[in-house]
Amino acid sequence: MHLLIRGGTVVDEKGLNEADVLIIGGKVTEVGRRLVAPQGVEILDASGKFVLPGIIDAHTHFGMKSRNGIITADDFYRGSASAACGGVTTVIDYAEPLPGQSLKEAAKQRRLEAESSIAVDFSLHVVIPDLDGDRASELEALLHYGISSYKVFTTYEGLQIKDRDLRRLLQLARELNTLVTVHAEDDQVLQDARHRLIQQARVSPGYHAASRPAEAEGRAVESMIRLADETGVLIYFVHISTGAGCRAIGRARAAGQRVLGETCPHYLLLTEELYQRPDAQKYIMCPPLRKAEDNWMLWESLQSGVLQVVATDHCAYTWDQKRSARTCFETPPGIPGSETLLPLLYSEGVARGRLTLPQLVALLSANPARIFGLYPRKGGLAPGSDGDAVILDPRKEVVLSAKNLHSAAGYTPFEGWRVQGYPETTILRGKIVYHRGYFTGIQGGGRFVAAGLGSSF
Ligand code: URP
Ligand code: ZN
Ligand code: ZN
C-alpha cells in the first residue's frame, strides 16, 4: 500500500523530528521534510500529531484455552482488531505444545490458526514445558522457522519445567543465542499460601493477592538469575509485578548479567485494593496486582532501564466467564489490555512526565523489536522498515470505557480512567487499519513475521 503521512512529528527512540513519512508497497521509502507524494499515493494529514512506529505488544494470549478448558473471549481476529484500535501493529503470541506434540508442529499449527484471521502482524514465542522426546534437538529448526524465544514457567501444573530440563534449555539457548523468557513465581511459595488459605476457608476472589504473595516473584526471579548466570544465557522476565523482582533484575544487570524484563500497565497503575470490590474477578490475573510502592518501583525501573518493555499479557475473558468461578483459585486469570496499552502509557507516562516520548517508543516498539529479533523490519520508521505507524493526537482526551473499546471481554479494568492523548490512526504496512474510533483492517490481513536473533542491552 502507498501512503504519505504529512506534517507530523515523527518520534523514534532517540528523539523527535518534524518530517513526512512516505510508504510505498508497504515499506517506508523516505522520511524527510516536504516530501512529494508520487501519483496515486494517498495523503494523510498528521499536523499537530505525533507519528510513532507501530506498537508491538510482545505478550498476548489470543484464542487461548485455559487449564480448566475455558477459551478466551478474544480470538485472533477480535483480539488483534482491538489491538489495532490502540495503535498496535504487531503482537507476539504463544504456541503451546500439547503433551507429546513436537514444538515445530505446535508452532506451525498456531501460525496457521493466527494467519487465517489475525488483523495485525504477529510473531510467536514457544512454551517449553519439558524437553521430552526430540524437543531439545528441535530448537535449531524452530530458529530457522522464525522462532527465537521460548517461555518457561516456574509454576502451574503441567507447564512448570523441571530443573534438569531447565538447565539443559538454558545451555542450548546459550549455544543458539536464543532467548528464554520466564514466568517467575516460586511454586513452593504459592503452594504454601494456597494450603494456608484453604485451611482458613479464605478462598473468595478477594484473596487472590494473598494466594500469590510478592515473595513468590522475588524468589523465582532470584533463583532463575542464579541458574542463568551459570551459562551466561540471555533471559527475559515477563510481567514483572513487584519491587522485589525489579531489585533482583537491577542487581544482576549491575553485575553485568544479561537479564531483561517486562512489566504491564496494570502493574504500573492498579493496586491490590481492587480485590476488595464485589467484582474482584475482573482484576484477577497472574501474578496479581500489588501495592502502590510496587507501582512506583516499576515506573522507576522503566526510567532507569532496569526493565525494557511494557507489554500487556492480554488474556481476555468476559465477566460471565470470570464470575462463573466462586474462588480465587478457579477464576480464569487474565485481563484485556492491548487496546489500552499506548493510551495508558502515553497519558500516565508521557503526559504526566514520568517518561519521555522517545522512552515510550523504546518501551513499546523499538526495544521489543530488538529483543525479539524483529528489528529493523519492525520497531522503527526508517527507509526499509515496514510501514507500520500510529498517529497519536496529544490533545485528545478520552474516558476509557468498554463501550468504546473493541475487545470481546466487554469490560476494561480501566473503566472510567480519563486519558490525555489518544491514537487517531493505525497504519499496518501502509494500510489504514484504524481511524478515529473504527477498525478498518481486514480479518486475516496480518502476516507472520519470522524472528531472527534478538539483541540484549
Ligand atoms: O493471568 C495471566 N497472566 N494469564 C495468562 C497466562 C500467563 O501466565 O501469562
Ligand atoms: Zn505468565
Ligand atoms: Zn501471559
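Order of listing sets the numbers, starting from 1, for every ligand and every atom in it.
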> Between F329 and R194, is there a cation-pi geometry (under 6.0 Å to ring centre, at most 45° from the normal)?
Replying inline: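 Judged by the rule (NZ or CZ under 6.0 Å from the ring centre, within 45° of its axis), R194 counts as positioned above F329.
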May I ask you to identify the nearest protein heavy atom to [atom], giving residue, atom name and distance to one decimal place in Å?
atom	result
atom 7 (C) of ligand 1	H61 NE2, 3.9 Å
atom 4 (N) of ligand 1	P333 O, 3.3 Å
atom 1 (O) of ligand 1	C286 N, 2.8 Å

> Considering the options V259, V180, V309, V182, which one meets the side-chain contact (heavy atoms from CB on, under 4.5 Å) requirement together with Y236?
Replying inline: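 By the side-chain contact (heavy atoms from CB on, under 4.5 Å) criterion, Y236 pairs with just one of V259, V180, V309, V182: V309.
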> Out of T426, I427, L52, which one pairs with I391 under the side-chain contact (heavy atoms from CB on, under 4.5 Å) rule?
Replying inline: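 By the side-chain contact (heavy atoms from CB on, under 4.5 Å) criterion, I391 pairs with just one of T426, I427, L52: I427.
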> Is the count of non-hydrogen atoms from other residues, nucleotides or ligands lying under 6.0 Å from R251 atom CZ greater than 12?
Replying inline: yes
>> Does E140, at its CD atom, have more than 12 non-hydrogen atoms belonging to other residues, nucleotides or ligands within less than 6.0 Å?
In response: no
In ligand 1, which numbered atoms sit nearer than 4.0 Å to a non-hydrogen atom of [X]?
X	answer
C315	4 (N), 5 (C)
G334	1 (O)
H183	8 (O)
K151	9 (O)
Y156	8 (O)
M285	1 (O)

Do [X] and [Y] make a side-chain contact, defined as non-hydrogen atoms from C-beta onward lying under 4.5 Å apart?
X	Y	value
I128	R135	no
N177	S148	no
I235	T181	no
P97	E105	no
Y150	L179	no

>> Polar contacts were defined as any N/O atom of the residue lying under 3.5 Å from an N/O atom of the ligand; does this apply to F153 and ligand 1?
In response: no
> Does ligand 1 have any atom sitting under 4.0 Å from a heavy atom of R212?
Replying inline: no
> Would H239 count as a contact of ligand 1 if the rule is a heavy atom under 4.0 Å away?
Replying inline: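 Judged by the 4.0 Å heavy-atom criterion, H239 does count as contacting ligand 1.
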> side chain to side chain contact (heavy atoms under 4.5 Å, CB included) between Y275 and Y283: does it pass, once the steps are laid out?
Replying inline: CA-CA 7 Å; Y275 295 125; Y283 305 92; 3.8 Å; yes
> Which atoms of the protein, restricted to N, O or S, are nearer than 2.8 Å to the Zn ion (ligand 2)?
Replying inline: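 Counting only protein N, O or S atoms under 2.8 Å from the Zn ion (ligand 2), the list reads H183 ND1, H239 NE2.
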> Under 4.0 Å from ligand 1, counting heavy atoms only, is it the side chain of H59, its backbone, both or neither?
Replying inline: side chain
> Taking both backbone and side chain into account, is any N, O or S atom of C315 nearer than 2.8 Å to the Zn ion (ligand 3)?
Replying inline: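 Of the N, O and S atoms in C315, none lies under 2.8 Å from the Zn ion (ligand 3), which means no.
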> H61 vs Y94 aromatic rings, parallel, tilted or perpendicular, using cut-offs 30° and 60°?
Replying inline: parallel
> Parallel, tilted or perpendicular for F439 and Y77, by the 30°/60° rule?
Replying inline: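 F439 and Y77: perpendicular rings.
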>> Looking at non-hydrogen atoms alone, which of T155, D313, T312 comes nearest to atom 3 (N) of ligand 1?
In response: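 Among T155, D313, T312, the closest heavy atom to atom 3 (N) of ligand 1 comes from D313.
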